[in-house]
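These notes are about the structure you will find just below.
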Amino acid sequence: MYSEELFNESKKYFPGGVNSPVRAFKPYPFFVKSAGGSKITDVDEKTYIDYCLAYGPLILGHANPKVVREVSNQLTIGSAYGTPSENEIKLAKEIVDRIPSAEMLRFTNSGTEATMSAIRLARGFTGRNKIVKFEGAYHGAHDYVLVKSGSGAATLPDSLGIPEDTTKNTLSVPFNDEEALVGLIKEEGENIACIILEVVMGNVGCIEPKKGFLEFLRKITEENGIILIFDEVITGFRVARGGAQDYYNVTPDLTTLGKIVGGGLPMGAFCGKKEIMELIAPNGPVYHAGTFSGNPISVQAGISTLQQLDDKLYKDLERKGNFLRSNIKSIVDEQEYNVQPVGLASMFQIYFNPSEVYNYVDAQASDRRKFLRYFKSLLKEGVFIPPSQFECNFISSAHSMEDIQNTIDSIDLALEMAFKKRK
Ligand SMILES: *Cc1c(COP(=O)(O)O)cnc(C)c1O
């Protein structure tokens with residue numbers, strides 16, 4: 001097995017053999033030879049239907065022809081300028097047109113930088129230091145937010161190397177819990193700069209906000225002079241044309257974007273009300289900078305991608321998502337598996353949990369061993385999902401109904417495998 005050999009060699013150069021912890025799984029992750037559309041092929045010539053999709057960015061699948069063509073053209077006329085170019089405005093217009101809260105924006109190179117900058121901006125704007133996040137939410141790998149974090153951090157202890165002086169200003173409460181937040185704001189309200197949330201928690205699986213929760217957040221932040229930040233790094237351009245704020249019809253003050261916005265290349269953005277965004281340097285006193293921010297390659301990939309994301313595409317994704325989810329539910333009901341199929345639009349997951357999942361603690365109660373048997377069985381069947389109960393699976397526009405049908409058959413088998421060995 002060539003992947004196995006490469007992984008052993010990789011471990012000599014990279015901690016854990018990988019460049020991001022979520023990619024490591026036992027006995028070894030497959031090494032990719034190539035990818036196209038809905039499929040990813042490893043160096044051992046095995047092809048998988050891909051529902052990891054690089055953890056979310058690839059809404060058009062791998063190597064989308066228009067993206068490849070237009071990015072290739074851009075490469076021939078330069079990859080970084082250190083001075084503005086017109087395409088930045090073009091992409092800005094695509095974003096402002098779609099995202100309800102976006103009046104002005106800044107590009108970054110990752111979602112991590114986007115949330116870091118948005119939080120700094122909220123602190124600068126309000127003159128307050130504390131921030132509130134939800135347990136299990138992942139907002140990137142920087143110090144402010146790596147507290148009770150999701151994604152890879154959900155399976156590991158809290159990171160060392162983060163000063164208490166930093167994290168003492170990060171308060172966390174359970175998702176979907178109005179009472180906890182009311183209590184916290186009563187005590188700390190005038191010190192809180194912002195509340196940041198994943199509108200759909202995609203880094204502990206897939207948890208939707210309860211009905212009325214977002215409206216509650218909007219109201220309580222407004223009443224207390226707190227900036228509301230929607231971290232839409234996953235949901236932006238994913239659950240609807242205008243992201244989760246469009247899907248649920250609640251508009252935050254600031255929004256962070258990533259993943260899809262870069263069309264498969266590294267990029268993020270933060271955007272929001274003009275009145276707040278104008279505080280960014282060189283206009284105002286809040287610093288944000290980046291050598292590659294708004295680089296012409298990522299910007300072109302973003303434009304080439306967003307231009308293809310029309311209502312028809314979202315309808316098609318919704319249809320495929322609904323078909324997949326309803327078939328999973330039929331299997332689960334028929335076989336009386338004690339699991340929770342969840343998801344919306346083109347996101348889905350199965351919690352190996354007898355109870356419904358509304359927050360991090362609920363998610364953590366899932367049976368990870370069963371999940372891993374399910375994951376491995378899917379992999380064997382040629383279906384690739386992220387190797388963790390605490391990630392979400394994605395569908396792209398490149399997935400055919402045949403892909404989806406094959407996947408349903410594989411899930412049927414994988415669930416059987418998951419429940420076979422142990423009761
Ligand atoms: C992936 C993710 C991030 C971090 O983005 P990177 O580009 O990996 O730095 C932040 N927030 C959410 C919700 C994410 O899913």
Side-chain angles (χ1 to χ4, degrees), residues 18-23 51-59 99 106-120 122 131-155 159 170 172 175 194-209 214 228-239 243-245 247-248 252 254-271 288 290 292-295 298-299 301-302 305 343-347 349 360 363 386 388 390-394:
V18 289
N19 278 293
S20 191
V22 291
R23 295 177 199 164
Y51 294 94
C52 176
L53 294 171
Y55 291 87
L58 306 175
I59 192 162
I99 305 288
R106 263 289 169 84
F107 291 124
T108 63
N109 299 295
S110 66
T112 296
E113 281 175 59
T115 65
M116 186 180 77
S117 306
I119 290 169
R120 180 183 294 159
I131 65 169
V132 176
K133 75 180 282 288
F134 292 94
E135 292 171 5
Y138 180 68
H139 302 295
H142 62 84
D143 285 8
Y144 304 161
V145 288
L146 219 50
V147 178
K148 295 201 178 166
S149 180
S151 188
T155 55
S159 176
T170 305
S172 47
F175 193 55
C194 63
I195 295 178
I196 184 167
L197 67 145
E198 288 185 75
V199 183
V200 176
M201 297 240 289
N203 286 286
V204 279
C206 187
I207 307 175
E208 280 195 72
L214 298 176
L228 182 62
I229 307 176
F230 280 5
D231 180 356
E232 296 227 40
V233 170
I234 286 181
T235 51
F237 315 113
R238 166 62 65 185
V239 296
Q245 53 199 272
Y247 188 91
Y248 294 108
L254 295 176
T255 301
T256 55
L257 298 167
K259 300 197 168 115
I260 292 173
V261 78
L265 271 79
M267 174 132 95
F270 60 107
C271 52
H288 162 259
F292 288 103
S293 291
N295 80 82
S298 297
V299 165
T305 298
L344 71 157
S346 53
M347 298 168 70
Q349 181 57 291
Y360 185 54
S388 168
F390 308 119
E391 299 287 351
C392 190
N393 313 318
F394 302 101

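Atoms within each ligand, like the ligands themselves, are counted from 1 in listed order. The structure displayed is predicted, hence computed values, not measured ones.
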**OP:** Please identify which atoms of ligand 1 are closer than 4.0 Å to at least one heavy atom of G111.
**Re:** 4 (C), 5 (O), 6 (P), 7 (O), 9 (O)
Original post:
Against heavy atoms of E198, which atoms of ligand 1 measure under 4.0 Å?
Top reply: 13 (C)
Subject >> Any side-chain heavy-atom pair of L214 and V199 under 4.5 Å >> reply: yes
Original post:
Would you say Q245's side chain and I99's backbone share a donor-acceptor pair under 3.5 angstrom?
Top reply: no
**OP:** Enumerate the atoms of ligand 1 whose separation from the nearest heavy atom of S110 is less than 4.0 angstrom.
**Re:** 7 (O), 9 (O)
**OP:** Determine whether the side chain, the backbone, both or neither of N203 has a heavy atom under 4.0 Å from any heavy atom of ligand 1.
**Re:** side chain
Subject >> Heavy-atom donor-acceptor pair, K148 side chain to K133 backbone, under 3.5 Å >> reply: no
Original post:
Looking only at protein heavy atoms, which one is nearest to atom 3 (C) of ligand 1, and how far off is it?
Top reply: V233 CG1, 3.7 Å
Original post:
Which bit of H139 gets closer than 4.0 Å to ligand 1, counting heavy atoms only: side chain, backbone, both or neither?
Top reply: backbone
Original post:
For atom 4 (C) of ligand 1, which protein heavy atom lies nearest, and how many Å away is it?
Top reply: T112 N, 3.6 Å
Original post:
For H139, which of N203, T112, D231 qualifies under side-chain hydrogen bond (donor to acceptor under 3.5 Å, both in side chains)?
Top reply: D231
Subject >> Subset of ligand 1 atoms that lie under 4.0 Å from at least one heavy atom of I234 >> reply: 15 (O)
Original post:
Between R238 and V200, is any pair of side-chain heavy atoms under 4.5 Å apart?
Top reply: no
Original post:
Are the side chain of Q349 and the backbone N or O of E391 linked by a donor-acceptor pair below 3.5 Å?
Top reply: yes
Original post:
So which protein heavy atom does atom 2 (C) of ligand 1 come closest to, and at what separation?
Top reply: K259 NZ, 2.7 Å
Original post:
So among S388, S151, P386, which one has a side chain to side chain contact (heavy atoms under 4.5 Å, CB included) with V22?
Top reply: S151
**OP:** Would you mind reporting whether H288 and S293 have side-chain heavy atoms less than 4.5 Å apart?
**Re:** yes
**OP:** Heavy-atom distances under 4.0 Å are what count here, so tell me which part of E113 touches ligand 1: side chain, backbone, both or neither.
**Re:** neither
Subject >> Protein residue, atom and distance nearest to atom 11 (N) of ligand 1, heavy-atom basis >> reply: D231 OD2, 2.7 Å
